[in-house]
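Take a look at the structure below.
Every chain is numbered from 1 and lettered A, B, ... according to where its sequence line falls, protein lines coming before strand lines. The figures here come from the full heavy-atom set of this structure, side chains too, leaving out hydrogens, waters and symmetry mates.
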Protein chains: 2
Amino acid sequence: MSSTRTEALVGTLRQHGWRVTSARRAVIAALVEAEGHMTADQLAEKVQSNQPDVHLSTVYRTLEALEQVGLVDHTHLGHGRAVYHLADDPHQHLVCDGCGAVIEVPDDTFTSLADTLRRSHGFTIRPSHFAVLGRCAACNQGQASG
Amino acid sequence: MSSTRTEALVGTLRQHGWRVTSARRAVIAALVEAEGHMTADQLAEKVQSNQPDVHLSTVYRTLEALEQVGLVDHTHLGHGRAVYHLADDPHQHLVCDGCGAVIEVPDDTFTSLADTLRRSHGFTIRPSHFAVLGRCAACNQGQASG
DNA sequence: CTGCTTGCAAATAGTTTGCACGTTC
DNA sequence: GAACGTGCAAACTATTTGCAAGCAG
């Protein structure tokens, strides 16, 4: 059951000095149930199915709080909208230019790239914080010349 | 001199069926002179120093045309604004979370990552089309705990 | 009680679009 | 001279913020 997980996250939030409200609890629950990336909009919609009063701006503010505490990460998927997910499942996103599909790949796929960049430029990449654009297997197969 | 280069690009644009106007020529010239990434806003400013009438929206429309023809690529540097550059100098961008610095690295830095993703997911990454967030050498050295 | 949180609406930032007029081919 | 391109303003999308009222601690 996911409510145990939700309570743990809520507890962490409280330990960091943030107040626990029903809106925040609902956003966290939505993230737990989502088990993947969701936009702020999608999260708001999900939360509002139980608590219609919770406003989109509250969702944004809650997500910001959760990011500051380190419980949530967000990624930009190329075209403006950001997706949010719980930080304890670090992964990267591959976004298909053709069909918009989002593929999640484990964090360690990028280990060698991280290593290369650190050695060549002293640059440490930030895990779980960028999306890679390209073309997915399906779109590569059905690909014409455009 | 770069005007030769500008004319070549203008010619390519025309060959693809687009009309050549002074606004479009100016945007292309600005890109050639920039020799790096620029936002639409910066390009507009540069163009307007010679031709004040050229509107920002025209710059956007020209950039869109140039992208369709394949002369220009754009990348999102994490926080909303896109940067544009000529497509025949493929490179990736490293963006520092700390100081906002943008480091350009050659395309082939990502060859092994591209190879890995193609084999594991059939996913072909799109060159010059994503930014990698992280922390640059300078910020890593002056780094405290937060 | 104190002051962090919230809902709302309006502001912001970056980009796109409708329209009537100007320009290119 | 027909169709495409342009300037302008207004729309749009994603996100942020000011403020008075609400609720957690």
Practice item. Check salt bridge (charged side-chain N to carboxylate O under 4.0 Å, His left out) between A:Asp115 and all other residues, then give those that pass, not counting sequence neighbours. Key: A:Arg119
Check your understanding: Hey, can you pull the residues of residues 41-55 of chain B with a non-hydrogen atom under 4.0 angstrom from DNA chain C?
Key -> none
Review point. Contacts to DNA chain C from residues 16-25 of chain B, heavy-atom cutoff under 4.0 Å, which residues?
Key: B:Arg19, B:Val20
Listed partners of [X] passing side-chain contact (heavy atoms from CB on, under 4.5 Å), at least two apart:
| X | answer |
| --- | --- |
| A:Ala44 | A:Gln48, A:Leu56, A:Val59 |
| B:Asp108 | B:Pro106, B:Thr111 |
| A:Gln42 | A:Met38, A:Thr39 |
| A:Ala23 | A:Thr21, A:Val54, A:Thr58 |

Point to revise | Residue pairs, two or more places apart or on separate chains, that pass salt bridge (charged side-chain N to carboxylate O under 4.0 Å, His left out) and touch residues 37-52 of chain B | key: none
**Study point:** Axis deviation across the helix from C:dC1-D:dG25 to C:dC25-D:dG1, five-pair ends, to the nearest 10°
**Key:** 30°
**Study point:** Spatial distance of atom CG (A:Leu13) from atom CG (A:Leu71) [nearest 0.5 Å]
**Key:** 6.5 Å
Study note, to complete from the structure: Residue pairs passing the ring pair (Phe, Tyr, Trp, His ring centres under 6.0 Å) test with at least one member in residues 26-46 of chain A, sequence neighbours excluded, are A:His37-A:His93
Review point. In whole angstrom, what separates A:Arg81's CZ from C:dG14's C1'?
Key: 17 Å
Review point. Which whole-number value in Å describes the distance from B:His76 NE2 to D:dA14 C1'?
Key: 13 Å
**Study point:** Those residues that, when tested against A:Phe123, pass ring-ring contact (aromatic ring centres under 6.0 Å, His included) (two or more places apart)
**Key:** none
Point to revise | Chi angles and distances behind the ring-ring contact (aromatic ring centres under 6.0 Å, His included) call for A:His74, A:His85 | key: CA-CA 6 Å; A:His74 82 279; A:His85 58 80; 9.3 Å; no
Distances under 3.5 Å between protein N/O atoms and the N/O atoms of nucleotides 17-20 of chain C, please, pair by pair.
residue : atom : partner : partner atom : Å
C:dG18  : O6   : B:Arg61 : NH1          : 3.4

